[in-house]
> 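First, the structure itself, so that you have it in front of you.
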Amino acid sequence: MSEQQLPVVVIGAGPAGLAAAAHLNERGIGHLVLESGPAAASAVREWSHVRLFSTWGELVDPAAEKLLAPTGWTTPHGATYPTGGDWADKYLQPLADGLGEQVRYQATVTGISRAGRDRIVDADRESQPFVVHFTTPAGEERVFARAVIDASGTWTTPSPAGASGLPALGEKTAAERISYRIPDLKDPAVHARYAGKRTAVIGSGASAFTALASLAELAKDEAGTHAVWILRRGISGSTFGGGSADQLPARGALGLAAKAAVDNGYADAVTGFRTDSVERDADGRLILIGQDSRRLEPVDEVIVLTGLRPDLSFLSELRLGLDERLQAPFGLAPLIDPNQHSCGTVYPHGHRELSHPEQGIYLVGMKSYGRAPTFLAMTGYEQVRSVVAAIAGDIESADRVELTLPETGVCGGAGLFDDPASEQGEGGGCCAPAPAVVQIGVGAAAALTVEESSPGGCC
């Protein structure tokens, strides 16, 4: 079989991966999507309770919509704001179903290389196909590919509490009391975990805002519930975002909700605290100790929302060109540096910015952003359109920008928790009117609040 007859392997059946598959399908290019979970959008389903900042009109890829049209699928109302669960059930799973056997579930990629060439070997390297190793419930398998599109995201690798980027001393041994996700307090088990408890929230992004706001709501009904908000920096005028002046009302509402949690006494802010270690007191509660030797009062639970990072372990035999700070492709990193850009100021980009010394491998979607926190679903769709065009040899199309981003962007990946107004397009995302009352939301994703990095920062 010639290399051109080999499939393109797509890693991940999430928003970017399935959009890539739809574009490959549209161009008649053979492909195989490998998804580690039991269904499409497994990561999105883990934050199904979170409402996105983006509207449906910004969450459906054009090629995917064309693929779905013959199945009788109808586009949800473009001005409404879905939850992660809505996105998965009403769009992403139907899209995966439409791709049929081209999507394989419970297939976890463990390694990628050039056939017969480890990363050291130069000879005849570019002419060799990729070999992708993966595991399934039946055992180990491999497939050869002409190109690989890694859309596996960053959801599975949250950053630790330790300020050094490594887990704080004692963080792993206290794992049963530490979470790295925004809690779904409507889940009875999760509700019981935090009700009446003292909880530390570590982080300064939209995900942390969401956790603080939701714990504040819980405190209104459950006596003894209290949050301790831990920031590595001080509180300034920009700590809570733009508030009512934010051009993204849902994002501004999150900052206002976090500020209200502190102002109303439901949370205490601890500033300039860089977590160094975690100890237990005599009752098993956790004591956080800072690099400056400060010891905080014991807490029952800790929620760590310090961002997400890419899993690069299965790419170790490939020659990637990654920025030393963000772990994003060299060509993309300057465009997404969070010190310089928000998602609304990131120029649409494609295959050239996403290329690596190893030709034919592309990191797309959230994974392409490395540790940068603000990502748009629309940006990911444009990425895969360009990448697939390049794989097809249509460089003219690959180089053409076919995306116009909203001036402010839609940062943070997620918006309001189960807010009926959001379902009607009244206050949960970009360009919606500012809510009269501060609502509770998140920042994935995604961020995802899809967030901070979605979750970290998506959508």
Side-chain angles (χ1 to χ4, degrees), residues 10-21 33-54 59 61 64 82-97 99 103-110 134-135 149-159 179-184 187 190 205-207 210 304-314 363-377 379-381 383-384 412-415 442-459:
V10 179
I11 305 173
L18 291 174
V33 181
L34 300 176
E35 165 59 45
S36 62
S42 295
V44 174
R45 294 178 190 278
E46 292 193 27
W47 48 272
S48 60
H49 59 296
V50 171
R51 191 170 298 284
L52 293 152
F53 283 155
S54 301
L59 294 170
D61 176 78
T83 62
D86 294 334
W87 201 18
D89 292 336
K90 297 179 181 180
Y91 167 61
L92 297 170
Q93 189 62 58
L95 177 55
D97 293 343
L99 292 164
V103 180
R104 289 193 61 179
Y105 300 113
Q106 296 183 292
T108 302
V109 174
T110 57
F134 59 100
T135 60
I149 299 175
D150 182 359
S152 58
T154 57
W155 177 251
T156 60
T157 46
S159 296
S179 171
Y180 300 85
R181 307 299 186 206
I182 298 166
D184 179 4
D187 182 311
V190 177
S207 295
T210 300
V304 181
L305 299 169
T306 54
L308 303 170
R309 54 184 62 178
D311 177 8
L312 302 171
S313 60
F314 60 85
L363 278 57
V364 302
M366 282 293 299
K367 190 157 187 177
S368 72
Y369 270 43
R371 300 193 185 196
T374 52
F375 181 78
L376 282 167
T379 298
Y381 295 159
Q383 286 181 343
V384 298
V442 304
L448 333 140
T449 47
V450 87
E451 20 220 286
E452 232 190 60
S453 40
S454 297
C458 154
C459 317

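Throughout, residue positions are numbered sequentially from 1 according to the sequence presented.
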> In the structure I gave you, are the side-chain heavy atoms of W87 and V44 within less than 4.5 Å of one another anywhere?
yes

> So, for S42 and G37, which heavy atoms are closest and what is the spacing to 0.1 Å?
OG-CA, 3.2 Å

> Judged by atom type as modelled, is there a donor-acceptor pair below 3.5 Å linking the side chain of K367 to the main-chain atoms of D311?
yes

> Using modelled atom types only, decide if a donor and an acceptor are shared between the side chain of Y91 and the backbone of D61 within a distance under 3.5 Å.
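The answer is yes, because a donor-acceptor pair under 3.5 Å joins these two groups.
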
> Return yes if some donor-acceptor pair links the side-chain N/O of Q383 with the main-chain N/O of G365 below 3.5 Å, else return no.
yes

> Would you name the heavy atoms of G17 and V10 that are closest together and state the gap between them?
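Closest heavy-atom pair between G17 and V10: O-CG1, 3.5 Å.
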
> What heavy-atom pair brings L95 and A64 nearest, and what distance separates the two atoms?
CD2-CB, 3.6 Å

> Out of curiosity, L305 CG to Y180 OH, how far, rounded to the nearest 0.5 Å?
10.5 Å

> Are any non-hydrogen side-chain atoms of L92 and L18 less than 4.5 angstrom apart?
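Answer yes - side chains close enough.
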
> Counting N and O atoms only, with roles assigned by atom type, does the side chain of T306 sit under 3.5 Å from a partner on the main chain of S159, one being a donor and the other an acceptor?
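The answer is yes, because a donor-acceptor pair under 3.5 Å joins these two groups.
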
> Looking only at heavy atoms, which two atoms of F375 and S368 are closest? And how far apart?
CE1-OG, 4.5 Å

> Mind checking the OH-CG spacing from Y381 to L376? Nearest 0.5 Å is all I need.
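Here the rounded value is 11.0 Å.
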
> Measure the spacing between CG of L52 and CG of D86 and express it to the nearest 0.5 Å.
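So the gap between those two atoms works out to 8.5 Å.
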
> Using 4.0 Å as the upper bound for N to carboxylate O, is an ion pair formed by D89 and R45?
yes

> Distance from I11 atom CD1 to S152 atom OG, nearest 0.5 Å?
6.0 Å

> Between P82 and L59, which heavy-atom pair has the shortest distance, and what is it?
CG-CD1, 3.5 Å

> State the CZ-CD distance between R104 and E35, to the nearest 0.5 angstrom.
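Here the interatomic distance stands at 12.5 Å.
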
> So do P15 and M366 actually touch side chain to side chain, heavy atoms under 4.5 Å?
no

> If you round to the nearest 0.5 Å, how far is CZ of F134 from OG1 of T108?
10.0 Å

> I need the minimum non-hydrogen distance between V364 and A151, along with the two atoms involved.
CG2-CB, 3.6 Å

> Apply side chain to side chain contact (heavy atoms under 4.5 Å, CB included) to the pair F314 and T110, showing each step before the final yes or no.
CA-CA 5 Å; F314 60 85; T110 57; 5.6 Å; no

> Any donor-acceptor pair under 3.5 Å linking the side chain of W47 with the backbone of G84?
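No.
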
